[in-house]
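Here is how names work: the chains are called A, B, and so on, in the same order as the sequence lines, proteins then strands, and each is numbered from 1.
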Amino acid sequence: QQPVQSPQAVILREGEDAVINCSSSKALYSVHWYRQKHGEAPIFLMILLKGGEQKGHDKISASFNEKKQQSSLYLTASQLSYSGTYFCGTGYMGAQKLVFGQGTRLTINP
Amino acid sequence: DGGITQSPKYLFRKEGQNVTLSCEQNLNHDAMYWYRQDPGQGLRLIYYSQIVNDFQKGDIAEGYSVSREKKESFPLTVTSAQKNPTAFYLCASSYGGTGGRYGYTFGSGTRLTVV
């Protein structure tokens, strides 16, 4: 079953913060985050594994809430280059593939 | 450098014609996937393969076919049975089904248009 991402779209000014959520109705084993620019390939950002860890690099980080079966992606002091569509991919125990959310479109304006 | 290559970048198909999209990877990944992406939409899984000579249908396999004769290659054929093939097609690969610790690597995509 497809994870649900929220919001579907968000528009920010450069320097503002954003949070994108990914919720699953099944027990999660892992969550991947990807960013896709228009007409390009999705790029892998990070993976979070069951255990509630928080990861990040630079001003992009993510958390994994096992109780809520949810992951959140945090973009701090957003830059123009952060614009794109963000997808979460959820992994489940014993599954052979990820299941991707419908995407969140992030627009950063100067 | 290791990576995943899709070709061609743009492809035009006439009505009733079969076309084949190429996907090659030199990452030594076991698993490979084909996704379809329509404008403003997410990634819908067409087919995936965990090992050579084996593949499974995804959510929207009707009108498509694949083969996995070599570890490096996973071509997708869009048949005439696919009535609405105009879309952006993405190929991906990974070490395991859920991407291990390194995630999926995606190709740069093929944009298919019916003329």
Side-chain angles (χ1 to χ4, degrees), chain A residues 1-9 20 22 24 26-51 53 55 57 60 62 64 71 73 84-107, chain B residues 2-7 9-10 23 25 27 29-51 54-61 74 87-113:
Chain A
Q1 193 162 355
Q2 187 180 37
V4 176
Q5 287 186 234
S6 61
Q8 289 189 346
I20 300 171
C22 174
S24 172
K26 289 172 54 177
L28 286 167
Y29 179 76
S30 65
V31 178
H32 295 213
W33 285 99
Y34 295 80
R35 175 172 62 213
Q36 184 182 29
K37 302 278 188 180
H38 181 69
E40 298 180 7
I43 301 297
F44 174 67
L45 296 175
M46 65 186 78
I47 179 174
L48 297 101
L49 299 176
K50 182 180 175 180
E53 65 179 291
K55 295 185 68 173
H57 49 86
I60 301 176
F64 185 162
S71 177
L73 183 71
T85 300
Y86 289 79
F87 292 98
C88 68
T90 50
Y92 302 96
M93 187 67 74
Q96 290 187 323
K97 61 192 187 307
L98 294 178
V99 183
F100 286 93
Q102 80 276 21
T104 295
R105 188 169 187 167
L106 176 65
T107 303
Chain B
I4 182 166
T5 302
Q6 288 187 241
S7 62
K9 193 172 178 67
Y10 299 95
C23 178
Q25 55 97 0
L27 299 163
H29 284 169
D30 292 307
M32 297 187 74
Y33 316 83
W34 274 106
Y35 291 92
R36 170 178 172 145
Q37 190 172 36
D38 293 285
Q41 301 298 310
L43 303 167
R44 292 192 290 170
L45 182 65
I46 305 172
Y47 269 98
Y48 64 103
S49 169
Q50 300 293 310
I51 56 172
D54 188 45
F55 48 83
Q56 284 77 42
K57 293 182 179 180
D59 302 316
I60 56 165
F74 192 41
F88 187 51
Y89 291 86
L90 285 162
C91 179
S93 68
S94 68
Y95 280 115
T98 51
R101 299 196 69 87
Y102 304 102
Y104 285 14
T105 301
F106 284 86
S108 56
T110 292
R111 191 166 298 279
L112 175 62
T113 304

Are any side-chain N or O atoms of Gln96(A) and backbone N or O atoms of Gln50(B), one a donor and one an acceptor, separated by less than 3.5 Å? no
Examine whether an atom of Arg44(B) lies under 4.5 Å from a heavy atom of chain A, and if so say whether it belongs to the side chain, the backbone or both; otherwise answer neither. neither
Does any backbone or side-chain atom of Gln41(B) lie under 4.5 Å from a heavy atom of chain A? Answer side chain, backbone, both or neither. backbone
Report the option among Pro42(A), Gly91(A), Gly103(A) that has the most heavy-atom pairs separated by less than 4.5 Å from atoms of chain B. Pro42(A)
For Lys97(A) and Tyr33(B), the nearest pair of non-hydrogen atoms, with its separation, is CB-CE2, 4.1 Å
Bottom line for Gln56(B): the part with an atom under 4.5 Å from chain A's heavy atoms is side chain
Out of Tyr29(A), Tyr34(A), Phe87(A), return the one with the most heavy atom pairs under 4.5 angstrom to chain B. Tyr34(A)
Where does Glu40(A) contact chain B at under 4.5 Å (heavy atoms): side chain, backbone, both or neither? backbone
Might you confirm whether atom NZ of Lys37(A) has over 12 heavy atoms from other residues, nucleotides or ligands at distances under 6.0 Å? yes
Is chain A contacted by the side chain of Leu45(B), its backbone, both, or neither, given a heavy-atom distance below 4.5 Å? side chain
Please classify the contact of Gln36(A) with chain B as side chain, backbone, both or neither, using a heavy-atom distance under 4.5 Å. side chain
Ignoring hydrogens, what is the shortest heavy-atom contact between Ala41(A) and Ser108(B)? Give both atom names and the distance. CB-CA, 4.0 Å
